[in-house]
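All remarks here apply to the structure that follows.
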Amino acid sequence: MIDEQAATTAAATVSTEEQKSVLTRRRSSAGGDDEGKREAEGEERNGEVKGRVVEGEEEAAGKEKEDEVGVRFSYRASSPAHRRIKESPLSSDAIFRQSHAGLFNLCIVVLVAVNSRLIIENIMKYGLLIRAGFWFSPKSLRDWPLLMCCLTLPILPLASFMVEKLVQRKHLSETGVVSIHVLITAASVFYPVYVILRYESAVLNGVVLMLMTCILWMKLVSYAHTNYDMRLIAKTSVKFPAHLFDSQENSQHQAQELPYDVSFKSLVYFMVAPTLCYQPSYPRSACIRKGWVARQVVKLLIFTGFMGFIIEQYINPIVKNSKHPLKGDLLYAMERVLKLSVPNLYVWLCMFYCFFHLWLNILAELLRFGDREFYKDWWNARTFEEYWRMWNMPVHKWMVRHVYFPCLRNGIPKGLAILIAFLLSAIFHELCIAVPCHIFKLWAFLSIMFQVPLVLITNYLQNKFQNSMVGNMIFWSIFSIFGQPMCVLLYYHDVMNRKVKSL
């Protein structure tokens with residue numbers, strides 16, 4: 001038995017040595033004959049190519065056979081043409097499951113054609129009516145008080161930063177910090193309001209300054225409130241759940257502590273970033289797409305020019321030839337409102353596209369600001385509540401973060417918290433319009449507060465008629481067809497009456 005095993009082992013050893021010697025001879029012959037190796041590789045590649053060609057020919061032949069079978073059997077006169085229950089594409093059961101891209105393109109073509117004809121007809125009848133007197137006064141370029149006010153506003157964020165630094169070093173108490181921040185935020189509003197009311201300036205200049213004032217006030221409030229909350233969390237060592245953080249680094253941990261650090265760099269970035277909610281860091285994009293920015297700037301210039309053309313060519317002549325909607329004939333006022341509704345809607349849509357899509361995205365791209373959800377699909381809103389949640393996301397996030405949920409945490413009922421948010425919005429809408437016009441008739445304030453009952457009505461209709469677009473039709477009718485044109489007529493006649501009285 002032992003002899004047989006030894007013989008088997010010896011035979012295996014001999015065969016292994018023979019294999020090694022054969023491989024060695026092959027390697028030496030291959031090393032000495034590179035041309036033969038390349039020829040062999042070329043033959044292998046040719047064989048693979050021929051194999052692919054043959055496979056392609058076989059697939060083509062198989063498809064031809066399938067087509068022949070389809071022609072011979074599937075399309076015979078005796079084969080059934082109706083096999084399943086199907087709905088027409090425009091039926092009520094299938095209309096929302098179909099793509100209507102072609103009809104949408106047709107609507108755009110018809111809209112462009114009709115409005116192009118109306119523009120040409122208007123120019124042929126009235127000529128070019130573009131002027132700058134209503135927007136810029138003769139002293140617009142010398143309107144230095146408003147310019148100096150705009151240039152001095154950055155002092156207020158610097159003051160807020162110094163206050164936060166002092167409290168971080170425990171040189172100020174919490175009560176003192178809150179009091180100083182209240183004074184700073186109040187100054188950010190009353191200072192521009194005083195300058196605009198004190199000096200007669202162009203309406204557009206005043207509107208721009210008031211918009212900047214409102215943005216600055218909201219940013220200062222967010223900066224102070226966020227730092228206060230981070231100090232409170234730092235004292236109590238509260239940890240936040242990981243799902244509140246979107247970054248992959250933070251999601252690996254079960255809880256995350258918010259860093260409390262008063263950084264001047266973070267404040268400067270926040271003041272120029274397209275957001276109203278302060279946080280020490282933001283999601284950032286990888287790079288700046290310069291070509292994309294250039295294209296958006298061109299679009300911004302085109303749509304801004306188109307918006308100005310509609311205002312000067314259509315809206316101004318309509319409001320000039322109108323009467324005060326609350327002092328004349330009701331039918332005449334309705335006719336003026338309906339005639340003004342279409343150009344006013346175009347201007348409003350252009351304003352939304354220019355500011356919320358083009359300008360904010362340009363600014364975000366230049367600053368590499370990552371979160372660019374500046375709006376949602378508000379045009380599909382079925383209630384006024386959905387519209388106010390989706391059309392202006394920076395303001396909505398600010399309201400939710402610094403007004404709505406703080407009210408709820410302090411025991412204020414939900415309905416009253418919503419009313420407080422609308423009240424604050426109404427006040428700033430009134431400031432942005434009434435102050436530059438030097439008129440305080442509360443039209444903007446009342447129009448915003450009127451949204452509260454509309455929210456209740458459209459919510460009731462949506463709950464009663466589920467999955468219906470009744471609320472969306474009410475939104476477009478009231479907000480764009482009647483509401484905004486009525487406000488334009490009211491403010492225009494009040495401004496004109498004020499100018500006549502001041503002469």
Side-chain angles (χ1 to χ4, degrees), residues 146 149-168 177-193 195-196 206-231 258-284 355-356 359-375 391-406 420-421 424-432 435:
L146 270 66
C149 177
C150 182
L151 294 177
T152 53
L153 284 178
I155 297 176
L156 299 174
L158 181 61
S160 295
F161 171 75
M162 295 175 64
V163 170
E164 291 297 329
K165 270 296 184 183
L166 289 175
V167 73
Q168 186 186 27
V177 172
V178 173
S179 301
I180 296 175
H181 276 304
V182 169
L183 293 176
I184 293 174
T185 53
S188 67
V189 174
F190 289 113
Y191 171 46
V193 169
V195 172
I196 294 174
V207 171
V208 171
L209 180 58
M210 284 308 303
L211 288 175
M212 294 177 60
T213 298
C214 295
I215 293 172
L216 177 63
W217 183 84
M218 298 174 79
K219 283 178 177 281
L220 290 176
V221 170
S222 179
Y223 182 71
H225 191 190
T226 303
N227 280 307
Y228 171 79
D229 196 48
M230 287 194 297
R231 285 196 304 272
L258 286 177
Y260 173 59
D261 183 26
V262 181
S263 171
F264 183 72
K265 182 179 179 181
S266 299
L267 175 62
V268 172
Y269 184 84
F270 168 61
M271 284 297 159
V272 296
T275 180
L276 299 174
C277 296
Y278 173 73
Q279 58 192 63
S281 62
Y282 296 91
R284 307 289 294 274
F355 184 76
F356 286 96
W359 170 246
L360 291 183
N361 273 285
I362 290 171
L363 188 60
E365 186 70 23
L366 294 176
L367 297 173
R368 292 172 49 220
F369 187 81
D371 186 3
R372 303 182 185 183
E373 190 183 43
F374 304 120
Y375 59 90
W391 102 279
N392 189 340
M393 291 305 296
V395 172
H396 171 69
K397 292 178 180 178
W398 187 91
M399 284 286 186
V400 169
R401 192 184 192 212
H402 300 292
V403 178
Y404 180 72
F405 277 105
I420 292 174
L424 185 62
S425 176
I427 292 173
F428 278 97
H429 275 81
E430 181 69 21
L431 288 176
C432 289
V435 173

According to the interplanar angle, ranging from 0 to 90°, do the rings of W398 and W217 count as parallel (below 30°), tilted (30 to 60°) or perpendicular (above 60°)?
tilted
Could you tell me whether K397 and D371 make a salt bridge, using a distance below 4.0 angstrom between a side-chain N and a carboxylate O?
yes
Plane angle bin for F369 and F374 - parallel if under 30°, tilted between 30 and 60°, otherwise perpendicular:
parallel
Run the numbers on M271 and L216 for side chain to side chain contact (heavy atoms under 4.5 Å, CB included), then give the verdict.
CA-CA 8 Å; M271 284 297 159; L216 177 63; 4.2 Å; yes
If the condition is side chain to side chain contact (heavy atoms under 4.5 Å, CB included), which residues does V400 pass it with, not counting sequence neighbours?
H396, F405
Decide yes or no for P192 and M212: does some side-chain heavy atom of the first lie under 4.5 Å from some side-chain heavy atom of the second?
no
Can you measure from CG (L220) to OG (S188) and round to the nearest 0.5 angstrom?
5.0 Å
E365 meets the side-chain hydrogen bond (donor to acceptor under 3.5 Å, both in side chains) criterion, sequence neighbours left out, with R289, R372
Side-chain contact, heavy-atom cut-off 4.5 Å: V167 with Y228?
no
Y223 versus L267: any side-chain heavy-atom pair under 4.5 Å?
yes
Please list, chain by chain and in numerical order, all residues satisfying side-chain hydrogen bond (donor to acceptor under 3.5 Å, both in side chains) with N361, sequence neighbours excluded.
none
What's the spacing between L367 CG and T275 OG1 if we round to 0.5 Å?
11.5 Å
List the residues meeting ring pair (Phe, Tyr, Trp, His ring centres under 6.0 Å) with H429, not counting sequence neighbours, and say none if there are none.
none
Under 4.5 Å between any side-chain heavy atoms of V395 and M218, yes or no?
yes
Name the orientation class of the two ring planes belonging to F356 and W391 (parallel below 30°, tilted from 30 to 60°, perpendicular beyond 60°).
tilted
So the salt bridge (Lys or Arg N to Asp or Glu O under 4.0 Å) pairs with at least one residue in residues 153-165 (sequence neighbours excluded) are E164-R231
Return all side-chain donor-acceptor pairs below 3.5 angstrom for residues 152-159, not counting sequence neighbours, or 'none' if the list is empty.
from	atom 1	to	atom 2	distance (Å)
T152	OG1	M148	O	2.9
T152	OG1	C149	O	3.0
T152	OG1	Y191	OH	3.0

Would you check if the side chain of T226 reaches a backbone N or O of Q279 as a donor-acceptor pair within less than 3.5 Å?
no
I'd like to know whether V193 forms a side chain to side chain contact (heavy atoms under 4.5 Å, CB included) with M210, so could you lay out the CA-CA distance, the side-chain angles of the two residues, the decisive distance to 0.1 Å, and finally the verdict.
CA-CA 8 Å; V193 169; M210 284 308 303; 3.9 Å; yes
Answer yes or no: is there a side-chain heavy-atom contact under 4.5 Å between L276 and R401?
no
State, to 0.1 Å, how close C432 and V207 come at their nearest heavy-atom pair, and which atoms those are.
O-CG2, 3.9 Å
Is the OH atom of Y269 crowded by more than 12 outside heavy atoms at less than 6.0 Å?
yes
